[in-house]
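These notes are about the structure you will find just below.
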Amino acid sequence: MLITAAILLVAVSLMHSVLGGINLINPICRRDDLPIILGNRRNTVLTFQFGWHFLSFFWVALAALLVLLHIQPDRFLEGFLMGGAGLFTASGLIALIAGRGRHLSWVLFFPMGGLLYAALKGLS
């Protein structure tokens, strides 16, 4: 059941990211009346795209956790903490680099990743 749920979750993630990106996010980002946030149009578009695709990445990470729970349930907590630390750290890097430091989500993503990594190390 967990593997089937994980496969379905990855399928939903792919459809969300690809079809939603093409049919919803891209048309919104091409609008002439797109509000300007963080100083310019580029940052507005990046914020929309990052927010949209972050949910898809989160679902893939959740699917990986479902597989881990099926295969090695005794390592679930370790996998959860490791996956969360990686997901938030990667999100912080993407926000910092792509947003050139202007989108301040990285200020919260990095500490979240660090806290989960510290919790993981505390299990040892």
Side-chain angles (χ1 to χ4, degrees):
M1 289 184 282
L2 294 174
I3 299 296
T4 302
I7 291 168
L8 293 173
L9 195 49
V10 169
V12 166
S13 174
L14 289 170
M15 289 187 297
H16 179 266
S17 191
V18 174
L19 297 177
I22 291 169
N23 296 318
L24 181 66
I25 298 303
N26 288 345
I28 288 172
C29 291
R30 285 193 298 266
R31 291 180 57 104
D32 291 332
D33 61 344
L34 189 66
I36 301 299
I37 59 172
L38 302 173
N40 59 48
R41 182 178 181 83
R42 176 189 174 277
N43 289 333
T44 301
V45 170
L46 283 173
T47 300
F48 274 119
Q49 291 173 336
F50 179 78
W52 186 263
H53 294 294
F54 179 79
L55 181 56
S56 297
F57 292 133
F58 178 80
W59 287 339
V60 170
L62 183 57
L65 287 173
L66 292 174
V67 171
L68 179 64
L69 185 58
H70 175 75
I71 294 171
Q72 290 185 306
D74 56 316
R75 299 201 54 205
F76 180 77
L77 179 57
E78 179 183 343
F80 176 80
L81 294 173
M82 185 182 304
L87 183 68
F88 289 122
T89 302
S91 297
L93 281 171
I94 292 167
L96 181 62
I97 294 167
R100 298 179 184 152
R102 294 191 67 165
H103 193 286
L104 297 178
S105 60
W106 63 271
V107 172
L108 299 175
F109 281 135
F110 283 141
M112 286 188 287
L115 288 168
L116 292 179
Y117 182 74
L120 173 64
K121 289 301 173 187
L123 293 178
S124 305

Distance-only check: which donor-acceptor pairs under 3.5 Å involve side-chain atoms of residues 33-41, not counting sequence neighbours?
residue	atom	partner	partner atom	Å
Asp33	OD1	Arg31	NE	2.8
Asp33	OD1	Arg31	NH2	3.0
Asp33	OD2	Arg31	NH2	2.7
Asn40	OD1	Arg42	N	3.2
Asn40	OD1	Asn43	N	2.8
Asn40	OD1	Asn43	ND2	3.4
Arg41	NH1	Arg31	O	3.1
Arg41	NH2	Cys29	O	2.6
Arg41	NH2	Arg31	O	2.8

According to the ring pair (Phe, Tyr, Trp, His ring centres under 6.0 Å) rule, which pairs have a member within residues 21-42, sequence neighbours left out?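 Every candidate ring pair (Phe, Tyr, Trp, His ring centres under 6.0 Å) pair involving residues 21-42 fails, so no pair, neighbours aside, qualifies.
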Side-chain donor-acceptor pairs under 3.5 Å in residues 79-99, sequence neighbours left out?
residue	atom	partner	partner atom	Å
Thr89	OG1	Ala85	O	2.7
Ser91	OG	Leu87	O	2.8

What side-chain hydrogen bond (donor to acceptor under 3.5 Å, both in side chains) pairs are there with at least one residue in residues 59-73, not counting sequence neighbours?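 Qualifying pairs, neighbours excluded: none.
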Any side-chain hydrogen bond (donor to acceptor under 3.5 Å, both in side chains) pairs touching residues 93-109, not counting sequence neighbours?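 For residues 93-109: His103-Ser105.
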My understanding is that only residues two or more places apart in sequence, or in another chain, count here; which of them pass side chain to side chain donor-acceptor pair (under 3.5 Å) with [X]?
X     : value
Glu78 : Arg75
Thr44 : none
Ser17 : His53

Applying the 4.5 Å side-chain criterion to the ILVMFWY set and letting contacts propagate, would [X] and [Y] be lumped into a single cluster?
X      : Y      : value
Leu65  : Leu116 : yes
Ile25  : Val18  : no
Phe57  : Phe109 : yes
Leu2   : Leu77  : yes
Leu108 : Leu104 : no

May I ask you to check whether over 12 heavy atoms, not counting those of Phe76, lie within 6.0 Å of atom CZ?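 Yes, the 6.0 Å shell around CZ holds more than 12 heavy atoms from other groups.
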Contacts under 3.5 angstrom, residues 4-11 side chains, donor-acceptor by atom type, not counting sequence neighbours:
none

With Phe50, which residues qualify under ring pair (Phe, Tyr, Trp, His ring centres under 6.0 Å), at least two apart? Phe54
Among residues at least two apart in sequence or on other chains, which ones pass ring pair (Phe, Tyr, Trp, His ring centres under 6.0 Å) with Trp52? His16
